[in-house]
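Read through the structure below, which is laid out as structure tokens, and then see the notes.
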Amino acid sequence: MRIPLLAGNWKMYKTVGEAEELVRALLEGVGTPTDREVLVCPPFTALYAAGRLLEGTPIALGGQDMYHEPQGAFTGAVSPLMLRDVGCTYVIIGHSERRQYFGDTDEMVNRKLHAALAHGLRPIMCVGESKPQRDAGQAEDIVVAQVRAGLKDVTATQMQQVVIAYEPIWAIGTGDTATPQDAQAMHATIRRVVSEHYGEETAQSLRIQYGGSVKPDNVDDLMAQPDLDGALVGGASLKAESFLRIVQFRS
Ligand code: PEP
């Protein structure tokens, strides 16, 4: 059985004080879920403070990105060791905003993925097509290519630590969600590609999150789909009330 992972990507929002306030509110409302996993990914500057509050609680901590080297003269970069040091167990890799604004390529995504695994972080690898690509009927080809390139040289054993997030770019921050049926179709495709490469057992245990304008009012329908194993949530994760409702999805 796959345990759904509900993750909040706070992007470039929340000062340290605001992050602490949100973490406290989430801890108050989250309870002790056993059938789902909860994760928050604050900005780098708030990770340490959030991590201190989250230690020993049911909410895990993750980074939004990282560089692939453990240390060195890489001004402005944050390493997997540093993420581990402040309590992270997950890291988002290849978010479409990283690909779009910071030039992250499939090759960089693959390097970061290997570095995360080497340092004991669970990577959440984001893939997804743009609107013109979907309109041109290329969505599946684009996503399959991203999955294959991102997972290059990852072993079946390592795959047990990997999460994939399908995030159609046109649905991120737009209020425009993929229909549960369209999301399901892409998730099934991703699982098939993983199965072809790693075998059915690995594919069946892989968690594939959906991301793109997940909100309290659409989460139940999305999570009812058999291949959707949680959500990567941006905007709606910035308020405790909406994120907690998403965490408490009913399917
Ligand atoms: C995201 O940041 O990964 C995301 C899906 O954002 P939103 O939920 O705001 O669309």
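Side chains included, hydrogens not; waters and symmetry mates left out as well; all remaining heavy atoms used. Numbers for residues simply follow the sequence, beginning at 1. Atoms within each ligand, like the ligands themselves, are counted from 1 in listed order.
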Inset, instruction - Taking the side chain as every heavy atom from C-beta outward, state whether Thr179 and Gln225 have any pair of such atoms under 4.5 Å apart. - result: no

Inset, instruction - Answer yes or no: does an N/O atom from Leu232 fall short of 3.5 Å to an N/O atom of ligand 1? - result: no

Inset, instruction - Consider ligand 1: state whether an atom of it lies below 4.0 angstrom from any non-hydrogen atom of Ala236. - result: no

Inset, instruction - Output the list of atoms in ligand 1 that are nearer than 4.0 Å to some heavy atom of Ser213, sorted by atom number. - result: 7 (P), 8 (O), 10 (O)

Legend entry - Protein heavy atom at shortest distance from atom 2 (O) of ligand 1: Lys11 CE, 2.7 Å

Inset, instruction - Inspect the surroundings of OH in Tyr48 and state if more than 12 heavy atoms from other residues, nucleotides or ligands are less than 6.0 Å away. - result: no

Legend entry - Pair Arg191-Gln204, side-chain donor/acceptor within less than 3.5 Å: no

Inset, instruction - Check whether any side-chain heavy atom of Leu151 lies under 4.5 Å from a side-chain heavy atom of Tyr198, and answer yes or no. - result: yes

Legend entry - His95 near ligand 1 by a heavy-atom separation under 4.0 Å: yes

Inset, instruction - Using distance alone, determine whether Ile172 and ligand 1 share an N or O pair under 3.5 Å. - result: no

Inset, instruction - Examine the side chains of Tyr90 and Gln161 and answer whether a donor and an acceptor come within less than 3.5 Å of each other. - result: no

Legend entry - Closest protein heavy atom (residue, atom, distance) for atom 4 (C) of ligand 1: Gly234 N, 3.5 Å

Legend entry - Shared hydrophobic cluster for Leu121 and Met108 (ILVMFWY, side-chain gaps under 4.5 Å): no

Legend entry - Residue from Gln138, Gln146, Arg134 passing side-chain hydrogen bond (donor to acceptor under 3.5 Å, both in side chains) with Glu129: Arg134

Legend entry - Lys131 bridged to Asp176 by N-O distance under 4.0 Å: no

Legend entry - Nearest non-hydrogen protein atom, atom 3 (O) of ligand 1: Glu167 OE2, 2.7 Å

Inset, instruction - Look only at interatomic distance and state if Asn9 has a nitrogen or oxygen under 3.5 Å from any nitrogen or oxygen of ligand 1. - result: yes

Legend entry - Contact atoms of ligand 1, heavy-atom distance to Gly173 under 4.0 Å: 7 (P), 9 (O), 10 (O)

Inset, instruction - Heavy-atom contacts with Gly212 under 4.0 Å: which atoms of ligand 1 show up? List them by number with element. - result: 5 (C), 10 (O)

Inset, instruction - Take every heavy atom of Ala171, measure it against each atom of ligand 1, and state whether any distance is under 4.0 Å. - result: yes

Inset, instruction - Among all protein heavy atoms, pick the one closest to atom 9 (O) of ligand 1 and tell me residue, atom and distance. - result: Gly235 N, 2.8 Å

Legend entry - Any donor-acceptor pair under 3.5 Å from Asp106 side chain to Ala149 backbone: no

